[in-house]
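Okay, so here's the structure we're looking at.
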Amino acid sequence: MFEKAKLYQVIEDAIQRPLIPHEPAKQSLKQWAMFVLRDKGFKVVYAQNADFAIERGGEKLYFKVANTNHELDEKFAWIVWNNATQTVSLIPQKTDSEISK
């Protein structure tokens, strides 16, 4: 089992310092995020109920992408584009105990 907090930190570092910056006019956020994560060595796989998943050690971490941080489903990790600041951020998935509070 992998340590999710550490994994989220590595993913956040990857999207904060990508090989190529996200340019909304040239590529979708989903395509860009998948490219950046693959470039950093992650195994990015299909996910039926999310935009994609990262598989590691037989487990999957599910991601969705959005162009706004409003009304995000807490069951997924999110990669969000902020058009005002032209930056990408990661919002980690809430744990079951955090969701039930």
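Values reported hereafter were calculated over all heavy atoms of this structure, with side chains retained and with hydrogens, waters and symmetry mates removed.
Pairing each heavy atom of Lys30 with each of Asp51, the nearest pair is CE-O, 3.1 Å. Nearest heavy atoms, Trp81 versus Asn83: NE1-OD1, 3.2 Å. Nearest heavy-atom pair, Glu74 versus Gln93, reported as atom, atom and distance to 0.1 Å: O-CG, 3.8 Å. Shown here for Leu7 and Arg56, the closest heavy-atom pair between the two residues is CD1-NH1, 3.8 Å. Asn49 and Phe76 make their closest contact through O-CZ, 3.3 Å (heavy atoms, listed as atom of the first residue, atom of the second, distance).
Distance check: Tyr62 OH to Asp73 CG gives 14.0 Å after rounding to the nearest 0.5 Å. In this structure, Phe63 CZ and Ile54 CD1 are separated by 4.0 Å, a value rounded to the nearest 0.5 Å.
Here the rule is side-chain contact (heavy atoms from CB on, under 4.5 Å) with Val80, and of Val65, Thr87, Leu29, Leu72 only Leu72 fits it.
For the pair Ile91 and Ile79, the minimum side-chain heavy-atom distance is 4.5 Å or more.
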Side-chain polar contacts of residues 33-48 - donor-acceptor pairs under 3.5 angstrom, sequence neighbours left out - could you list them?
residue, atom, partner, partner atom, Å
Arg38, NH2, Val44, O, 3.4
Lys43, NZ, Glu55, OE1, 3.0

Would you tabulate the side-chain donor-acceptor contacts of residues 13-24 under 3.5 Å, counting partners in other chains and residues two or more places apart, or write 'none'?
residue, atom, partner, partner atom, Å
Asp13, OD1, Gln9, NE2, 3.0
Gln16, NE2, Val88, O, 2.8
Glu23, OE1, Lys26, NZ, 3.4

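With sequence neighbours excluded, the residues satisfying side-chain contact (heavy atoms from CB on, under 4.5 Å) with Thr68 are His70.
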Yes or no on side chain to side chain contact (heavy atoms under 4.5 Å, CB included) for Asn69 and Trp78, after CA distance, side-chain angles and deciding distance?
CA-CA 9 Å; Asn69 64 355; Trp78 287 85; over 6 Å; no

